[in-house]
Amino acid sequence: MIKFQNVSKCYGHTAILKNISFDIKQGEFVVLIGPSGCGKTTTLKTINRLIEPDNGKIFIDGKDITKANPVELRRTIGYVIQQIGLFPNMTVEQNISIVPKLLKYPKQKCQEIVQDLLALVDMPYEENAHKYPTELSGGQQQRIGVLRALAASPPIILMDEPFGALDPITRDSLQEEIKRIQKKLKKTIVFVTHDMDEALRLADTIIFMNNGKIVQMASPEEMLQNPADSIIKSFLGKHMDNGNGVPKLFAEDFMKTKVFKVPRTSRTLECIKLMSSKDVNSLVVLNDDDTYLGTVSIEDIKALGKPGKEIAELVTNDVITVSRKEGAQIAFDKLLSSKSNYVIVLNDNQTVAGLITRTSMAKALGEALWGEVL
Amino acid sequence: MSGALLEGILEHMAIVSIAVLISSVLGIIMGIIAYWVRFLDSVILWVSEVLQTIPSLALLALLMIIFGLGDITMIVGLVLYALLPIVSNTYTGLKNVSPHLKDAARGMGMSKMQRLFKVEIPLSFPLIFSGIKIALVNSLSVAVMGVLIGANGLGTIIYRGIQSRNMMNILMGAIPVVIMALVFDFGMSKIEKKLIKRTK
Amino acid sequence: MSFIEFVSKNYNEILKSLVRHIELVGISILIGILISIPLGIFLTRHKRVAGPVLALAGTIQTIPGLVMLGFALVLIGIGMLPAIIVLTLYAILPILRNTYTGITEVDKSYTEASRGIGMTNMQTLFKVEIPIALPTIITGIRLSTVYIVSWATLAGLIGAGGLGDLIWTGLSTYNTKYILAGAVPSAILAFILNGLIGLLERILTPRGLRRSRI
């Protein structure tokens with residue numbers, strides 16, 4: 001959809017973009033991120049020709065954009081900026097319908113567009129269309145800013161740190177909305193930010209830039225797992241220190257896989273022997289098809305067990321289970337609220353993957369924060 | 001002729017300086033009153049604006065009915081005419097002193113007078129000074145009309161030139177006026193910038 | 001003879017002077033607007049020449065009205081034409097300066113947004129910059145008008161008529177009634193025009209730009 005081919009840009013003697021090349025696919029949500037001055041905003045602005053590159057070519061749908069009239073090009077690309085830039089002399093309706101009007105859409109259609117778009121962000125038309133930007137909150141203003149970019153249904157939308165000036169709660173809900181809108185309307189979005197949290201949350205693909213070059217272009221998961229450079233690590237690290245910015249960890253990352261399992265047909269005596277030899281005080285009991293049945297503890301066996309009986313009779317189900325793809329935080333909550341000292345982690349087919357104890361949890365957390373712990 | 005020119009310049013300067021001096025004292029006091037007494041601010045600002053709206057010749061002619069012909073009428077006219085920029089700049093300056101600094105001064109136990117003289121006036125002085133500059137530059141130009149109500153100054157030379165349709169005479173009176181206005185504007189703007197830097 | 005008697009006796013002459021005064025002011029303000037608004041817009045597009053042009057206009061402003069009328073008298077002669085030329089010159093600066101600063105101070109985010117969404121330069125000017133700068137431009141027109149009403153009282157000196165004629169007669173013959181008959185209407189005229197244009201300023205300020213009063 002968008003193709004950069006060896007694009008360079010200098011201001012005086014400083015090179016802002018150094019031979020940038022990349023491809024963006026139709027419907028992709030691409031986030032440009034990097035330290036300030038890395039060239040991310042310049043890259044964005046070359047797409048709608050607010051900045052003209054010195055060298056290289058940019059293609060949209062295979063067409064060289066320098067062949068198009070810049071004004072007409074911009075009308076086919078939505079544009080949202082951090083300062084919002086809603087025209088203060090126009091109402092919400094006039095602001096949203098400005099590009100359709102520039103494109104000479106009939107009046108009736110302009111109004112329909114405004115109604116449809118306001119409905120998209122849950123701002124009732126009657127209540128909001130005739131307000132002026134100053135009468136809206138910051139979050140509402142930027143919602144209208146996004147709608148203005150969507151109005152002529154451009155296939156591509158450029159967003160230059162659009163949520164940077166908003167408070168965290170408003171930013172959160174706008175991020176959610178833009179992701180939802182993007183999926184629903186299948187837009188290609190190029191989004192500039194310096195907030196890794198935002199990038200990880202929104203992007204299909206993250207392009208990390210530094211000193212006018214692309215350091216890494218990858219999916220959020222891949223970037224988290226294999227950051228290509230120390231500067232990316234420091235961006236991710238900073239992001240991990242941000243409280244809620246803990247990297248995506250799952251129950252499986254915390255569990256220990258060394259679990260003592262017995263079939264439901266085992267005898268009580270066998271179980272006691274196993275427990276004492278391995279120095280544990282409970283066992284996981286499995287069905288015949290190896291799926292999870294429950295647990296049995298040494299106390300239960302001592303209190304109720306009769307020698308020679310099948311262990312299945314003594315199995316209890318009061319230990320909490322989580323699936324291995326459960327978020328770490330949920331597993332953590334379950335562990336803390338559980339009466340037993342552990343939770344069982346199950347595979348998708350209900351077989352036992354491992355268990356999380358308070359010790360394994362602490363160890364894994366330590367590793368996530370400070371690297372390998374002995 | 002050069003003696004008459006020098007005399008004209010000196011008279012012109014004297015009338016303007018006396019008027020602007022009086023206007024500054026009066027204007028700053030009015031600005032402070034407007035700042036202190038809330039319900040008076042719009043009245044005081046309105047009066048000084050109305051005074052400046054009155055056409056200068058009309059104002060001078062009306063004053064002449066009261067004060068007669070001569071320098072006094074001109075000075076009174078200039079004082080009234082120069083009030084607006086000084087009053088409004090004093091008022092705005094005092095009003096815009098950061099509320100934190102005002103609170104701090106209050107917190108240190110300064111009286112109303114101490115706050116005014118030690119904090120509020122020093123901090124708003126650049127703006128007050130700018131008001132005085134505007135008043136002075138305007139007054140230099142308006143003072144030329146003194147000749148029409150029997151006051152002295154460069155207007156006498158200019159008017160003589162007009163009556164005799166002598167371009168040289170008009171220029172001889174006019175050039176010093178324009179030069180004085182530009183010099184004061186330039187010099188006082190420089191000082192203003194330094195003052196701003198110091199209070200920043 | 002009381003002032004009232006004087007006014008009723010000279011009613012026609014006073015009215016004629018007032019009408020002439022309004023003519024002088026109206027014509028020169030109109031020409032001033034036609035020159036300085038386009039010039040101001042031009043300067044915002046060519047900032048390099050803006051400094052010198054504004055400085056020149058500022059210098060013209062410091063030349064006393066009496067001097068300018070003197071020039072006009074010597075160079076052109078007596079009558080309405082030289083008066084209107086001089087008054088127009090005085091009308092230019094406030095409107096020019098306010099047009100220039102009004103448009104220059106339009107927040108960059110608006111012009112960037114308008115360019116980014118595909119407005120041409122003309123569309124940006126007429127749909128965004130001028131509407132936002134309009135209150136400032138009208139303030140300039142108001143200031144000019146008050147100036148011109150004032151300087152127009154001097155036009156009587158070069159035979160252009162107007163209320164200044166009456167004041168002038170009063171001053172040269174020590175006739176208080178003539179002074180009042182000229183000074184009072186001219187002051188009221190300035191006052192009314194100032195108020196009316198101020199009102200226009202408020203009406204033409206887009207609702208979204210009016211300061212919310214809390």
Side-chain angles (χ1 to χ4, degrees), chain B residues 12 49-66 68-69 81 137-150 153-186, chain C residues 21 25 55 58-75 77-78 142-143 145-158 162-164 166-168 170-172 174-180 182-195 198:
Chain B
H12 202 86
E49 200 191 321
V50 167
L51 281 173
Q52 204 172 41
T53 313
I54 300 174
S56 34
L57 182 65
L59 182 70
L60 291 175
L62 291 172
L63 288 171
M64 201 213 67
I65 298 174
I66 305 166
L69 291 170
Y81 221 60
V137 173
N138 277 346
S139 299
L140 282 167
S141 169
V142 174
V144 169
M145 298 214 296
V147 61
L148 304 179
I149 51 161
L154 288 164
T156 323
I157 299 172
I158 295 167
Y159 194 60
R160 213 179 293 139
I162 292 175
Q163 277 181 324
S164 58
R165 301 212 174 183
N166 182 334
M167 195 59 138
M168 275 310 293
N169 270 7
I170 301 179
L171 282 175
M172 207 167 71
I175 289 172
V177 176
V178 173
I179 289 178
M180 279 193 287
L182 292 178
V183 166
F184 276 105
D185 189 34
F186 182 77
Chain C
H21 206 91
V25 172
T59 309
I60 292 175
Q61 198 76 10
T62 61
I63 301 174
L66 201 59
V67 174
M68 286 287 253
L69 285 167
F71 288 165
L73 178 72
V74 175
L75 296 175
I78 57 165
R142 184 170 59 82
L143 292 175
T145 308
V146 172
Y147 261 138
I148 296 306
V149 173
S150 173
W151 289 133
T153 53
L154 289 177
L157 288 178
I158 58 167
L163 292 165
L166 300 175
I167 301 175
W168 189 233
L171 281 174
S172 42
Y174 299 106
N175 186 330
T176 315
K177 291 175 188 115
Y178 266 104
I179 293 178
L180 287 174
V184 173
S186 70
I188 293 174
L189 181 66
F191 192 62
I192 290 176
L193 286 176
N194 189 33

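What you see is a predicted model; the values in this text were computed from it and never measured. Residue numbers begin at 1 in each chain, while the letters A, B, ... track the order of the sequences.
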J.: When only pairs under 4.5 Å are counted, which of B:Val50, B:Val137, B:Leu140 shares the most heavy-atom pairs with chain C?
T.: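 Greatest number of close heavy-atom pairs with chain C: B:Val50.
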J.: State, with a plain yes or no, whether a side-chain heavy atom of C:Val146 is found less than 4.5 Å away from one of B:Gln52.
T.: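 When only atoms from C-beta onward are counted, B:Gln52 and C:Val146 do not touch, as no gap falls below 4.5 Å.
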J.: Given a strict heavy-atom distance threshold of 4.5 Å, which part of C:Tyr174 is in contact with chain B: side chain, backbone, both, or neither?
T.: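 Contact with chain B is through the side chain of C:Tyr174 alone.
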J.: Is a side-chain donor-acceptor pair under 3.5 Å present for C:Thr62 with B:Ser141?
T.: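 Short answer, no.
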J.: Which bit of C:Leu66 comes within less than 4.5 Å of chain B, counting heavy atoms only: side chain, backbone, both or neither?
T.: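 Its backbone and side chain both get close to chain B.
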J.: Which region of B:Val177, side chain (C-beta onward) or backbone (N, CA, C, O), has a non-hydrogen atom less than 4.5 Å from a non-hydrogen atom of chain C, or is it both or neither?
T.: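 The side chain, not the backbone.
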J.: Hey, what do you get for CD1 (B:Ile158) to CE (C:Met68), rounding to the nearest 0.5 Å?
T.: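 Separation between the atoms: 12.5 Å.
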J.: Side chain from CB out, backbone as N, CA, C, O: work out which of these in B:Leu62 comes under 4.5 Å of a heavy atom of chain C, or both, or neither.
T.: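 Both parts, heavy atoms under 4.5 Å.
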J.: Can you give me the closest heavy-atom contact between B:Leu171 and C:Phe71, atom names plus distance?
T.: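 Closest approach of B:Leu171 to C:Phe71, heavy atoms only: CD2-CZ, 3.5 Å.
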J.: Name the region of C:Val149, side chain, backbone, both or neither, that has any atom closer than 4.5 Å to a heavy atom of chain B.
T.: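 Both backbone and side chain.
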J.: Please classify the contact of B:Gln163 with chain C as side chain, backbone, both or neither, using a heavy-atom distance under 4.5 Å.
T.: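 Neither part, no heavy atoms under 4.5 Å.
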J.: Can you tell me which of B:Ile149, B:Val142, B:Leu69, B:Leu59 forms the most heavy-atom pairs within a distance under 4.5 Å of chain C?
T.: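 Of the options given, most contacts go to B:Leu69.
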J.: Heavy-atom distance under 4.5 Å to chain C: side chain of B:Ala174, backbone, both or neither?
T.: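 Both the backbone and the side chain of B:Ala174 come within 4.5 Å of chain C.
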J.: Of the listed residues (C:Ala152, C:Gly170, C:Ser150, C:Gly182), which shares the most heavy-atom pairs with chain B below a 4.5 Å separation?
T.: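 The residue among C:Ala152, C:Gly170, C:Ser150, C:Gly182 with the greatest pair count is C:Ser150.
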J.: Looking at side-chain heavy atoms only, is the closest gap between C:Leu157 and B:Ile162 below 4.5 Å?
T.: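 No, side chains not in contact.
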J.: Of the listed residues (B:Val147, B:Asn138, B:Leu148, B:Leu60), which shares the most heavy-atom pairs with chain C below a 4.5 Å separation?
T.: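 Between B:Val147, B:Asn138, B:Leu148, B:Leu60, the count favours B:Leu148.
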J.: Pick one of side chain, backbone, both or neither for C:Ile188, based on which atoms fall under 4.5 Å of a heavy atom in chain B.
T.: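 Contact with chain B involves no heavy atom of C:Ile188 at all.
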J.: Can you check whether C:Ile179 reaches B:Ile65 side chain to side chain, under 4.5 Å on heavy atoms?
T.: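 A side-chain contact exists here, since the closest heavy-atom pair is under 4.5 Å.
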J.: Relative to chain B, which segment of C:Ile63 carries a heavy atom at a distance below 4.5 Å: side chain, backbone, both, or neither?
T.: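 Both backbone and side chain of C:Ile63 come within 4.5 Å of chain B.
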J.: Rounded to the nearest 0.5 Å, what's the gap from CE on B:Met145 to CG on C:Leu154? Could you check?
T.: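 Separation between the atoms: 5.0 Å.
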J.: Give the member of B:Ile175, B:Ile54, B:Val178, B:Asp185 that has the highest number of heavy-atom pairs under 4.5 Å with chain C.
T.: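 Going by pairs under 4.5 Å, I would pick B:Val178.
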J.: Less than 4.5 Å apart, any side-chain heavy atom of C:Leu171 and any of B:Leu57?
T.: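 Side chain of C:Leu171 against side chain of B:Leu57, heavy atoms only: contact under 4.5 Å found.
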